[in-house]
Protein chains: 2
Amino acid sequence: MTGVSISQFRELCQRHGLAVTHQRQVIFEALTSMPGHPSPEEVFERVRKKVPAISLATVYKAIHTFLDSGIFGEVSVHHGSLRVDRNISPHHHLVCTRCKSITDIEESDVEPVQLRRSLPAGFQVHRYAVEILGVCPRCSEQSQGNPDKQHY
Amino acid sequence: MTGVSISQFRELCQRHGLAVTHQRQVIFEALTSMPGHPSPEEVFERVRKKVPAISLATVYKAIHTFLDSGIFGEVSVHHGSLRVDRNISPHHHLVCTRCKSITDIEESDVEPVQLRRSLPAGFQVHRYAVEILGVCPRCSEQSQGNPDKQHY
DNA sequence: TCGCAAAGGATAATAATTATTAAATGCTTC
DNA sequence: GAAGCATTTAATAATTATTATCCTTTGCGA
Ligand SMILES: [Mn+2]
Ligand SMILES: [Mn+2]
Ligand SMILES: [Zn+2]
Ligand SMILES: [Zn+2]
């Protein structure tokens, strides 16, 4: 029972300037009670058991609202479409969270990743990929302007 | 002029047991000549200038053929749909490339990432995200069976 | 060259996401 | 607590990304 009381949720919403709705609370509770990194579809399947009339679009909108408020995060900033990597030697990436641009960083430019404790037993590691997340020069320049203009 | 001669391409295909077709060569050349990490749509736009009659499906099929042969790579193994991360404190991920499962690794379980040289000027780093890519225990068990069964 | 498996083209189908719009609801003010 | 207005929801259409289908064409070994 990882339930969040209505008053706690109300407080959370107020802190982020969000209206408190029943749907948002149910979606929030579904998210906090699900293991791993759920997809909108998975959230929808769970939520509709409590609120059968809910719409998938409402789930998407609530999730984006939570993401925009920083209440939750997103696993991959560049999940929109397949991106081919012509560089098949191990390397890392510089990723702009604003415009989604991806730039190669040579593996030798980063110290090898060191683990402090062992991984779950039986996991076979193939490689370590470092994503350096941030804002590229071009995006930070025009940061006051329109913040969602994308240039690839 | 990063052009690849037809004989070089023919050799590459032979090495991977692929039939040599004009479309594949044009798609391959487009990929090798494009900067960054192109999407299928971008490849299609470029390729159709040379072969106007080409189909988008052919581009997708050729790209998958190249990916399956290991001639090129894919930036994100989990690009299929949005995945919410309830953990908004900085942390890392263990990713199974077989079943696409994503498991949190605490930031403190990995030594801080160290750069050996400076990044492109003006890039504002927000955080470093390490992806530990490999095969999870469950997938490596049944590795002889059906290799594309997914369990989340 | 012949024959066939493999690949391409056109297009339908599916999956993921976003847009639209009218009705319902939350929130502020009285 | 009701009124009014802005926000949110539900239903559904539209988009976008990707895959499947099906028939035609082509590459390649015999
Ligand atoms: Mn790369
Ligand atoms: Mn996570
Ligand atoms: Zn940028
Ligand atoms: Zn797995």
Side-chain angles (χ1 to χ4, degrees), chain A residues 6-7 9-28 30 37-45 47-48 50-69 71 74-84 100 148 150 152, chain B residues 6-7 9-28 30 37-45 47-48 50-69 71 74-84 100 148 150 152:
Chain A
I6 177 71
S7 63
F9 181 69
R10 186 176 298 275
E11 192 197 329
L12 180 75
C13 288
Q14 260 153 14
R15 211 174 328 132
H16 291 276
L18 305 177
V20 178
T21 71
H22 182 222
Q23 287 85 340
R24 280 179 182 171
Q25 169 152 23
V26 175
I27 292 165
F28 180 87
H37 299 79
S39 67
E41 199 69 43
E42 287 165 345
V43 174
F44 178 58
E45 281 315 312
V47 152
R48 69 190 316 185
K50 292 244 178 176
V51 185
I54 204 166
S55 162
L56 176 59
T58 300
V59 173
Y60 269 96
K61 275 187 283 197
I63 286 175
H64 278 128
T65 301
F66 294 148
L67 295 180
D68 293 344
S69 301
I71 294 172
E74 190 175 348
V75 172
S76 175
V77 293
H78 46 73
H79 80 270
S81 88
L82 192 163
R83 305 282 290 271
V84 178
K100 269 77 165 167
D148 39 28
Q150 285 186 209
Y152 289 92
Chain B
I6 178 71
S7 62
F9 182 69
R10 185 176 297 276
E11 192 197 329
L12 180 75
C13 288
Q14 261 153 12
R15 211 174 328 132
H16 292 276
L18 305 178
V20 179
T21 71
H22 182 221
Q23 288 86 341
R24 279 180 180 170
Q25 168 151 26
V26 175
I27 291 165
F28 180 87
H37 299 79
S39 68
E41 199 68 43
E42 287 165 345
V43 174
F44 179 58
E45 281 314 312
V47 152
R48 69 190 317 184
K50 292 244 177 175
V51 185
I54 204 165
S55 164
L56 176 60
T58 301
V59 173
Y60 270 96
K61 279 186 277 198
I63 287 176
H64 279 128
T65 301
F66 294 148
L67 295 180
D68 293 345
S69 301
I71 294 172
E74 192 176 346
V75 172
S76 174
V77 293
H78 45 74
H79 82 270
S81 88
L82 191 164
R83 305 283 288 272
V84 178
K100 269 78 166 166
D148 39 28
Q150 285 185 210
Y152 289 93

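Throughout, a chain's letter reflects where its sequence line sits, starting with A, and its residues are numbered from 1.
Between B:Thr65 and A:Pro40, the residue whose closest nucleotide on DNA chain C is further toward the 5' end is B:Thr65. When each of A:Lys61 and B:Glu41 is assigned the nucleotide of DNA chain D bearing its nearest heavy atom, the one mapping closer to the 5' terminus is A:Lys61. Take the nearest nucleotide of DNA chain C for B:Leu82 and for B:Leu18: the residue whose nucleotide is more 5' is B:Leu18.
Counting all heavy atoms, side chain and backbone alike, A:Arg83 lies closest to B:His37 at NE-O, 2.7 Å.
If you take CZ of A:Arg10 and P of C:dG26, they are 9 Å apart, rounded to a whole angstrom. Protein atom CD1 of A:Ile54 is 17 Å distant from nucleotide atom P of C:dA24, rounded to whole Å. For the pair B:Arg83 CZ and C:dA16 P, the interatomic distance rounds to 11 Å; values are reported in whole Å. If you measure from atom CD1 of B:Ile6 to atom C1' of D:dG27, you get 12 Å, rounded to the nearest angstrom. Between A:Gln14 atom CD and C:dG26 atom P the separation is 14 Å, expressed in whole Å. In this structure, B:Phe44 atom CZ and D:dT16 atom P are separated by 15 Å, rounded to whole Å. At whole-Å resolution of the value, NE2 in A:His22 and C1' in D:dA10 are 15 Å apart. Here D:dT25 presents its C1' atom at 10 Å from CD of B:Gln23, a figure rounded to the nearest Å.
Which of C:dT17, D:dT8, C:dT11 sits closest to the side chain of A:Thr21 comes down to D:dT8. Candidate nucleotides C:dT17, C:dT11, D:dA10 were compared by shortest atom distance to the side chain of B:Ala57, and C:dT11 ranks first. Minimum atom distance to the side chain of A:Ala19 is reached by D:dT8, of the listed D:dA11, D:dT8, C:dG8. Taking every side-chain heavy atom of A:Ser81 into account, D:dT18 is the closest of D:dT21, D:dT18, D:dT12. Taking only side-chain atoms of A:Arg24, from C-beta outward, the nucleotide of D:dT9, D:dC28, C:dG9 with the closest atom is D:dT9.
B:Phe66 and B:Phe28 have perpendicular rings, their planes meeting at more than 60° on a 0 to 90° scale where under 30° would count as parallel.
Distances shorter than 4.0 Å separate none of the side-chain N or O atoms of A:Tyr60 from OP1 or OP2 on C:dT18. A sub-4.0 Å separation between OP1 or OP2 of C:dG9 and a side-chain N or O of B:Arg48 is absent. The side chain of B:His64 contributes an N or O atom lying less than 4.0 Å from OP1 or OP2 of D:dT19. Regarding contacts with the backbone of D:dT18, a side-chain N or O of B:His79 is found under 4.0 angstrom from either OP1 or OP2.
The SG atom of B:Cys13 sits 6.5 Å away from atom CZ of B:Arg24, with the distance rounded to the nearest 0.5 Å.
Between B:Leu56 and B:Arg48 the shortest side-chain heavy-atom distance does not fall below 4.5 Å.
A:Ala53 comes within 4.0 angstrom of the backbone, heavy atoms only, and of no base. Heavy atoms of A:Leu56 sit under 4.0 angstrom from at least one base atom.
In this structure, A:His16 places its NE2 atom where more than 12 heavy-atom neighbours from other residues, nucleotides or ligands lie under 6.0 Å away.
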Notebook entry, point to check: Checking side-chain contact (heavy atoms from CB on, under 4.5 Å) for the pair B:Thr58/B:Val47: CA distance, chi angles, key distance, verdict?
Noted result: CA-CA 11 Å; B:Thr58 301; B:Val47 152; over 6 Å; no

